[in-house]
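Below: the structure, in structure tokens.
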Amino acid sequence: QVQLVESGGGLVQAGGSLRLSCAASGRTFSSYAMGWFRQAPGKEREFVAAINWSGGTTHYADSVKGRFTISRDNAKNTVYLQMNSLKPEDTANYYCATGPYSIVRVTATDYDYWGQGTQVTVSS
């Protein structure tokens with residue numbers, strides 16, 4: 001059974017930074033792509049960033065490009081999301097996800113396993 005556990009969320013002022021972590025277990029982590037999504041109250045879940053199996057390819061939503069960085073440590077079975085220059089509109093519950101693909105995917109339906117989420121709140 002694949003398990004994903006996010007951590008690192010919290011309350012931060014606009015312009016600040018946070019680093020989210022997602023620890024994975026239950027299968028060979030290094031074989032599969034990972035993604036981060038977020039969902040704000042009353043809004044649909046949206047893609048944030050994704051990384052391929054090796055970490056050599058990444059993809060970002062336009063809204064976070066240049067501010068967020070996704071990375072992974074396959075030795076630690078962990079994927080990270082470094083978030084800089086945070087804005088109030090980044091406030092959401094952030095989820096990590098994985099699926100059957102080794103390459104980057106940007107659609108939520110391409111992911112089979114989801115974490116419980118970690119809340120990020122950015123105050124103005």
Kindly indicate whether the side chain of Phe47, heavy atoms from C-beta on, has any atom under 4.5 Å from the side chain of His59. yes

Please check if Leu4 and Val48 belong to a single hydrophobic cluster, counting links between Ile, Leu, Val, Met, Phe, Trp and Tyr side chain heavy atoms closer than 4.5 Å. yes

Got a sec: does the NZ of Lys65 have more than 12 other heavy atoms crowding it under 6.0 Å? yes

Which heavy atom of Phe29 sits nearest to which heavy atom of Ala24, and what is that distance? CD1-CB, 3.4 Å

Donor-acceptor pair, Tyr60 side chain versus Ile70 backbone, under 3.5 Å? yes

Is any side-chain heavy atom of Tyr94 less than 4.5 Å from a side-chain heavy atom of Glu6? no

With a 4.5 Å limit on heavy-atom distance, are the side chains of Ser21 and Tyr80 in contact? yes

For Phe37 and Trp114, I'd like to know if the aromatic rings sit close, meaning centre-to-centre distance below 6.0 Å. yes

Nearest heavy-atom approach of Ser71 to Val79 is O-CG2, 3.1 Å

Donor-acceptor check, side chain of Arg105 to backbone of Ala50, threshold 3.5 angstrom: yes or no? no

d(Trp53 CH2, Thr98 OG1) to nearest 0.5 Å is 14.0 Å

Leu86-Leu20 co-clustered via ILVMFWY side chain contacts under 4.5 Å: yes

Determine yes or no for a side-chain-to-main-chain donor-acceptor pair under 3.5 angstrom, with Arg67 supplying the side chain and Ser85 the backbone. yes

Roughly how far, to the nearest 0.5 Å, is the NZ atom of Lys87 from the OG atom of Ser124? 14.0 Å

Show the nearest heavy-atom pair for residues Lys76 and Thr78, with the distance to one decimal. O-OG1, 2.8 Å

Please check this pair: side chain of Arg38 against backbone of Val120, looking for a donor-acceptor N/O pair closer than 3.5 Å. no

Say you draw a straight line from CG of Asn74 to CE of Met34; how long is it, rounded to the nearest 0.5 Å? 10.0 Å

What are the two closest non-hydrogen atoms of Gln116 and Tyr95, and how far apart are they? O-CE2, 3.5 Å

Taking all atoms of both residues into account, what is the closest heavy-atom pair of Gly8 and Leu18, and its distance? O-CD2, 3.8 Å

What is the distance from atom CZ of Arg45 to atom CG of Asn93, rounded to the nearest 0.5 Å? 8.0 Å

In terms of heavy-atom contacts, Gln39 and Lys43 come closest through NE2-O, 3.1 Å

Between CZ of Arg19 and CE of Met83, what distance do you get to the nearest 0.5 Å? 11.5 Å

Drop me the distance from Leu81's CG to Thr69's OG1, to the nearest 0.5 angstrom. 8.0 Å

Mark yes or no for whether Thr91, through its side chain, and Val122, through its backbone, hold a donor-acceptor pair below 3.5 Å. yes

